[in-house]
Amino acid sequence: MKIKSICCLGAGYVGGPTMAMIAAKCPDIQVTVADMNEKRVAAWNSDDLPVYEPGLDAVVASARGRNLHFTTDIRNSIAAADLIFVSVGTPTKSYGIGAGRAADLKYIESAARLIAEVSEGHKIIVEKSTIPVKTASAIRTIISANSSNKATFEVLSNPEFLAEGTAISDLENPDRILIGGDNTPSGQEALEALVSVYANWVPRERIITTNLWSSELSKLVANAFLAQRISSINSISALCEATGADVDEVARAIGTDSRIGPKFLKASVGFGGSCFQKDILNLVYLCESFGLPHVSEYWRQVVHLNDWQKSRFVEKIVRTLFNTVNGKRIAALGFAFKKDTNDTRESAAIQVCRDLLHEHAVVALYDPQVEPEAIHQDLRNAGVPQALLDSNLEIHNDPYAATEKAHAMVVLTEWDEFKTLDLGRIHDQMLKPAFVFDGRAVLPSSALKAHGFDAFVIGRGQ
Ligand code: UDX
Ligand code: UDX
């Protein structure tokens, strides 16, 4: 079976870039990305894409209008496709059974019902969203119960491993592509059809095929292992601060052991992003459901440590500023959950700014990519009252305006431009003593020292 037409439900951070890359690499396949959000679709069709991702503009420009289309016409897109990626959101449930841990699958379920309703002939359905293990069988049950006799379906799992900020190079040159399918002749045929799509640019040996459940579970486990490394190094950051060791030196020393490896050992104010916390909580819930409390407790600690890392950073700020930040101007640099993205989901900055606002600090924020409206929205959702936002939150267009007459400067995202700030100028315009709290260990320590800052850097002992 040769795929000629692909549709993707969900034009988000994953669906948009992934489909743009498939379209760019497979000019013979028509790729349509369908989303119910009209504003988002209009943005994908404009020069101002809704996702900030280095290199994405060029990939979209190379294929849009040729074999890459963005639309709100979900029904016709499904009807015309041989293969349908499902890339709608799967947020953590905020209510009812499994609240705070389980994934809310309502969007996946409505996508499955719609696919059943409008499909004729044979369709391959591919789970791209991260979902709890065994979602494929739920999708299959919903579809077979709702489709007409004429339609046939195969369900595959093909989790996405791209990281935001490096999505384009991750997509272009992935470590691996993982595809799970049923061990039946038609399951294997569907699996081979998707393998052939990726084989247009990914070497065959990097395309791993497994059964459905292994593929679904691998995505959760990959993210849990990555997040676990960050919580591990963050736990050591606290010990370094207490002992006079330097966590970057420790990370370098242990990372040269090829069994450990150098990546994902950067201490920080805490990991964020749409996946890590959500996927670990999902894993925790899964283990609970299967009667494995020891396993679920083990993974839950990764999230606990991350929450503790964020709160101890705020406590450090408040304690250092003579136990009160009430009315003090605190410049917060960075709001995105990592550099090179405008995404703020689960960003450590949300919790830090929320806590500082609750302490009645004046937070003067600067981020090079995040829209002011997104910042307001995130802080409102985090429980900061509108009146407090109106009176105590300032959003600036440059870091120098944010740091003017500030008591402290706090670094929350590792944007490259923060590494080359004019620290002399900033020190001159801040109140004295001029405090710096670097939650990402990005500011050059020699320059901080030379300019006379009173500096706390995450993981660095005094
Ligand atoms: C993806 C995956 O879907 C998620 O499971 C994974 O854990 C993270 O990556 P992402 O692309 O980042 O999510 O999500 P988001 O940017 O929220 O995009 C989802 C899109 O689906 C939104 O544009 C939303 O409008 C759209 N959507 C959602 C639909 O079109 N229909 C729906 O029923 C629900
Ligand atoms: C992650 C996974 O890397 C990716 O494979 C998966 O598909 C989605 O989830 P993403 O959330 O985009 O990607 O970003 P990632 O680079 O993994 O960073 C996550 C968070 O961890 C960020 O807040 C980042 O700042 C933090 N981090 C990362 C650290 O604090 N230290 C590190 O050493 C690495």
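We count ligands from 1, going down the list as the structure has it; atoms in each ligand are counted the same way. One-based numbering along the sequence shown.
- Side-chain atoms of Val202 and Pro174, non-hydrogen and from C-beta on, do get closer than 4.5 Å to each other.
- In terms of protein heavy-atom proximity, atom 25 (O) of ligand 1 is nearest to Asp35 OD1, 2.6 Å.
- Other residues, nucleotides and ligands contribute more than 12 heavy atoms inside 6.0 Å of the NZ atom of Lys419.
- Summary of contacts: the protein heavy atom closest to atom 28 (C) of ligand 2 is Ile230 CD1, 3.5 Å.
- Side chains of Glu417 and Tyr366 form a contact here, defined as non-hydrogen atoms less than 4.5 Å apart.
- Residue Ala163 places no N or O, backbone or side chain, under 3.5 Å from any N or O of ligand 2.
- Nearest residue to atom 20 (C) of ligand 2 from Gly272, Gly273, Ala167 is Gly272 (criterion: closest heavy atom).
- Listed by atom number, the atoms of ligand 2 under 4.0 Å from Ser268 heavy atoms are 29 (C), 30 (O).
- Between Phe225 and Trp299, the distance separating the two ring centers is shorter than 6.0 angstrom.
- Interface of Gly10 with ligand 1, defined as ligand atoms under 4.0 Å from a residue heavy atom, comprises 20 (C), 21 (O), 26 (C).
- Considering only non-hydrogen protein atoms, atom 4 (C) of ligand 1 sits nearest to Lys278 NZ, 3.6 Å.
- Ranking protein heavy atoms by distance to atom 1 (C) of ligand 1, first place goes to Val14 CG2, 3.4 Å.
- Looking only at heavy atoms of the protein, atom 27 (N) of ligand 1 is closest to Val88 CG1, 3.8 Å.
- A perpendicular orientation is assigned to the rings of Phe313 and Phe437, their planes being inclined by more than 60° (bins at 30° and 60°).
- Residue-ligand proximity: Arg345 is placed with a non-hydrogen atom under 4.0 Å from ligand 1.
- Heavy atoms of Cys275 approach ligand 1 to within less than 4.0 angstrom.
- Residues Glu127 and Asn158 have side chains not in contact (no heavy-atom distance under 4.5 Å, counting atoms from C-beta outward).
- Nearest protein neighbour of atom 22 (C) of ligand 2, counting heavy atoms only, is Phe337 O, 3.5 Å.
- Put simply, the side chain of Ile142 reaches to within 4.5 Å of the side chain of Arg113, judged on heavy atoms.
- Less than 4.0 angstrom separates some heavy atom of Asn37 from each of these atoms of ligand 1: 25 (O).
- No side-chain heavy atom of Ser235 sits under 4.5 Å from any side-chain heavy atom of Trp308.
- Closest to atom 31 (N) of ligand 2 by heavy atom, among Lys263, Gln309, Lys266, is Lys266.
- For the side-chain hydrogen bond (donor to acceptor under 3.5 Å, both in side chains) with Ser237, the qualifying choice from Arg460, Lys266, Arg312 is Arg312, the only one to do so.
- Side chains of Trp415 and Gln369 form a contact here, defined as non-hydrogen atoms less than 4.5 Å apart.
- For ligand 2, the atoms sitting less than 4.0 Å from at least one non-hydrogen atom of Lys219 are 6 (C), 7 (O), numbered in the order shown with element in parentheses.
- Looking at Arg440 against ligand 2, only its side chain comes within 4.0 Å, counting heavy atoms.
- In terms of protein heavy atoms, atom 33 (O) of ligand 1 is closest to Tyr107 CD2, 3.7 Å.
- In terms of polar-atom proximity, defined here as any N/O pair under 3.5 Å, Asp279 makes no such contact with ligand 1.
- Interface atoms of ligand 2 facing Leu265, defined by a heavy-atom separation under 4.0 Å, are 33 (O).
- Geometrically, ligand 1 and Ser274 share no nitrogen or oxygen pair separated by less than 3.5 Å.
- For the pair Asn45 (side chain) and Phe70 (backbone), a donor-acceptor distance under 3.5 Å is present.
- Relative to the ring axis of Phe153, Arg140 does not place its NZ or CZ within 45° and under 6.0 Å from the centre.
- The Leu226 neighbourhood of ligand 2 comprises atoms 3 (O), with distances under 4.0 Å to a heavy atom of that residue.
- Here the heavy atom of the protein found nearest to atom 16 (O) of ligand 2 is Lys338 NZ, 2.7 Å.
- An N or O contact shorter than 3.5 Å links Thr90 to ligand 1 by distance.
- The shortest N/O to N/O separation between Leu162 and ligand 2 falls below 3.5 Å.
- Under a 4.0 Å criterion applied to the non-hydrogen atoms of Glu160, ligand 2 contributes the atoms 7 (O).
- For atom 18 (O) of ligand 1, the nearest non-hydrogen atom of the protein is Gly12 CA, 3.2 Å.
- Ranking protein heavy atoms by distance to atom 30 (O) of ligand 1, first place goes to Met36 N, 3.1 Å.
- Side-chain contact between Thr320 and Phe435 is present, with heavy atoms from C-beta onward closer than 4.5 Å.
- Closest protein heavy atom to atom 15 (P) of ligand 1: Arg40 NH1, 3.6 Å.
- Of all the atoms in ligand 1, the ones that sit under 4.0 Å from a non-hydrogen atom of Ser129 are 2 (C), 3 (O), 5 (O).
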